[in-house]
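Notes follow once the structure below has been shown.
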Amino acid sequence: MTLPLTGSVPEMYSSDHLLALPRSRGVSRPGIEALAQAWYPEAGWVSEPSSGPAERPMAGARFRGVVPDDVRRPGVLRLTEGVEVVGPFVVPAPQSLALDLASSVAELWAVRVAHRSRDRLPAEVDDRDGLARVFAAGLPDDMELRVVRWMVAAARKVGGTLFVDGAVPLAPEPAAAVDLTLYSAQALTPDAALGSLQTVVPGARVVEVVERPDRLVDFALDGETAYDGALRVVVRKVDVVPAVLGALDWREYGPFAYRMSWVPADSYELEVEEPSGLHLIARSRMRASVARLASVLQGRAAGVLVDDGGFEVTSAEVDERIAAVSTARFWV
């Protein structure tokens with residue numbers, strides 16, 4: 001994929017990291033502020049995008065006619081100290097289609113990192129998202145690397161694409177997000193949780209029970225399938241919850257974390273950017289199975305679901321995951 005965004009972002013932002021997110025009416029997707037605050041609770045607008053006529057910084061023959069009339073004046077969202085997100089800049093339909101986004105119209109955001117340092121070898125990073133590939137000459141420092149990881153997670157959440165340094169594309173696959181965690185105020189017993197898992201994998205069993213000083217127990221369940229690996233549930237009382245829950249009323253969630261994860265037959269394939277076809281087939285089925293289990297557990301214990309990107313998961317998203325694989329099946 002090449003960068004089909006010529007003229008969609010002012011020249012002064014062209015070497016920043018760019019985040020292209022789908023924009024379509026009638027589709028519920030978290031906006032840039034919600035995506036930012038899920039990882040950076042302190043994120044907030046320095047200046048919000050205006051609803052007035054668009055500024056046209058892209059003057060001249062090179063840019064003539066490429067700025068849609070509905071573009072708002074760009075705003076500035078402070079992510080954290082030294083990092084700002086500027087936009088949106090609207091990407092016209094032909095260029096948006098070339099990006100293969102989940103919409104025919106895209107919003108483009110420039111993510112500006114004040115200080116950059118690229119002097120670490122990428123050997124310590126798995127390449128599921130292509131980070132070792134795009135930073136082959138040297139990883140960013142911890143702050144910038146976390147910003148890029150946030151961009152990857154945000155793009156995966158809503159079906160977007162990012163361009164590292166404004167040039168190198170990364171298009172995280174939304175279907176690669178499989179695992180879910182339910183944060184609830186209710187502590188189910190191992191047997192109760194096992195009953196929920198057995199509605200998805202009938203042969204599931206309890207594999208660990210650890211008594212706690214407060215008379216509750218932490219425990220783990222495994223549901224082995226015939227072909228697709230295992231569906232694992234680990235239940236713990238935790239002291240720290242994801243940042244995204246901080247925006248909710250504390251009564252909506254609790255300290256009991258029900259982590260539902262897929263353990264494939266070959267776990268190494270979780271770390272590669274282009275896993276095998278068999279892995280992808282298993283992943284699609286297990287993604288639906290994890291979602292089905294999450295729906296059952298949430299029905300019994302209430303609480304809030306969070307995906308492996310650190311974002312809240314709505315009931316509509318759970319239903320979409322279940323419906324995405326009509327061939328999903330139970331195992332005996």
Side-chain angles (χ1 to χ4, degrees), residues 28-31 33-41 150 153-154 156-158 174 176-201 204-223 230-263 286-324 328:
S28 178
R29 295 188 181 97
E33 185 176 12
L35 291 170
Q37 291 177 343
W39 281 48
Y40 299 91
W150 166 74
R156 175 174 288 119
K157 177 69 173 178
V158 299
V178 176
D179 300 350
L180 296 171
T181 301
L182 176 68
Y183 290 89
S184 171
Q186 297 189 42
L188 295 180
T189 65
D191 286 343
L194 179 62
S196 296
L197 178 56
Q198 287 176 336
T199 65
V200 179
V201 186
R205 59 195 178 89
V206 178
V207 294
E208 180 186 33
V209 177
V210 178
E211 293 187 6
R212 296 171 49 89
D214 56 10
R215 296 185 180 181
L216 298 173
V217 295
D218 295 335
F219 58 92
L221 317 172
D222 261 0
L231 201 170
R232 178 165 297 163
V233 182
V234 177
V235 182
R236 301 282 187 267
K237 185 177 182 181
V238 297
D239 297 323
V240 179
V241 298
V244 68
L245 298 181
L248 305 177
D249 187 297
W250 62 269
R251 288 166 291 193
E252 295 183 44
Y253 61 91
F256 299 102
Y258 297 78
R259 305 187 190 278
M260 296 158 274
S261 59
W262 171 44
V263 183
M286 293 302 282
R287 189 172 192 261
S289 294
V290 169
R292 189 180 297 111
L293 173 61
S295 180
V296 173
L297 280 177
Q298 191 174 38
R300 294 186 177 181
V304 178
L305 287 167
V306 177
D307 63 21
D308 57 6
F311 302 107
E312 183 181 352
V313 177
T314 66
S315 58
E317 290 179 86
V318 172
D319 291 341
E320 287 176 5
R321 291 188 181 203
I322 295 172

Inset, instruction - State, yes or no, whether a side-chain contact exists between Leu188 and Leu297 at a heavy-atom distance under 4.5 Å. - result: yes
Legend entry - Nearest-0.5 Å distance, CG of residue Asp218 to CZ of residue Phe256: 9.0 Å
Legend entry - Arg212 atom CZ: more than 12 heavy-atom contacts under 6.0 Å: yes
Inset, instruction - Please tell me if the side chains of Arg259 and Asp179 come closer than 4.5 Å, counting only heavy atoms from C-beta onward. - result: no
Legend entry - Closest contact, heavy atoms only, Gln298 versus Gly303: NE2-O, 3.0 Å
Legend entry - Minimum heavy-atom distance Ala176-Arg156, with the two atoms named: CB-NE, 4.0 Å
Inset, instruction - Run the numbers on Arg232 and Glu208 for salt bridge (charged side-chain N to carboxylate O under 4.0 Å, His left out), then give the verdict. - result: CA-CA 11 Å; Arg232 178 165 297 163; Glu208 180 186 33; over 6 Å; no
Inset, instruction - Check whether any side-chain heavy atom of Met286 lies under 4.5 Å from a side-chain heavy atom of Leu231, and answer yes or no. - result: yes
Legend entry - For the student: nearest non-hydrogen atoms of Ala204 and Gln198, plus distance: O-NE2, 3.1 Å
Legend entry - Contact check, side chains of Val158 and Pro30, non-hydrogen atoms, under 4.5 Å: yes
Inset, instruction - Give the intermediate values and the outcome of salt bridge (charged side-chain N to carboxylate O under 4.0 Å, His left out) for residues Lys237 and Asp214. - result: CA-CA 10 Å; Lys237 185 177 182 181; Asp214 56 10; 3.5 Å; yes
Legend entry - Considering all heavy atoms, the nearest Ile322-Ala291 contact: CG1-CB, 3.7 Å
Inset, instruction - Would you check if Leu293 and Val233 make a side-chain contact, meaning some heavy-atom pair closer than 4.5 Å? - result: yes
Legend entry - side chain to side chain contact (heavy atoms under 4.5 Å, CB included) between Leu221 and Val207, intermediate numbers included: CA-CA 5 Å; Leu221 317 172; Val207 294; 5.8 Å; no
Legend entry - Any residue meeting salt bridge (Lys or Arg N to Asp or Glu O under 4.0 Å) with Glu312, in chain and number order, not counting sequence neighbours: none
Inset, instruction - Please check if the side chain of Trp150 supplies one atom and the backbone of Leu35 the other of a donor-acceptor pair under 3.5 Å. - result: yes
Legend entry - Minimum heavy-atom distance Ala302-Gln186, with the two atoms named: CB-NE2, 4.4 Å
Inset, instruction - For the residue pair Val244 and Phe311, establish whether any side-chain heavy-atom pair is separated by less than 4.5 Å. - result: no
Legend entry - Pro255 to Ala185 - nearest heavy-atom pair and separation: CD-CA, 4.3 Å
Legend entry - Residue of the set Val313, Leu245, Leu180 for which side-chain contact (heavy atoms from CB on, under 4.5 Å) holds with Val306: Leu245
Legend entry - Separation of Arg236 CZ from Phe219 CZ (nearest 0.5 Å): 9.0 Å
Inset, instruction - Check whether any side-chain heavy atom of Thr314 sits under 4.5 Å from a side-chain heavy atom of Glu317, and report yes or no. - result: yes
Inset, instruction - Decide yes or no for Tyr253 and Ser184: does some side-chain heavy atom of the first lie under 4.5 Å from some side-chain heavy atom of the second? - result: no
Legend entry - Expected output: side-chain Ser295 to main-chain Arg292 donor-acceptor under 3.5 Å: no
Legend entry - Arg205/Asp222 salt bridge by N-O under 4.0 Å criterion: no
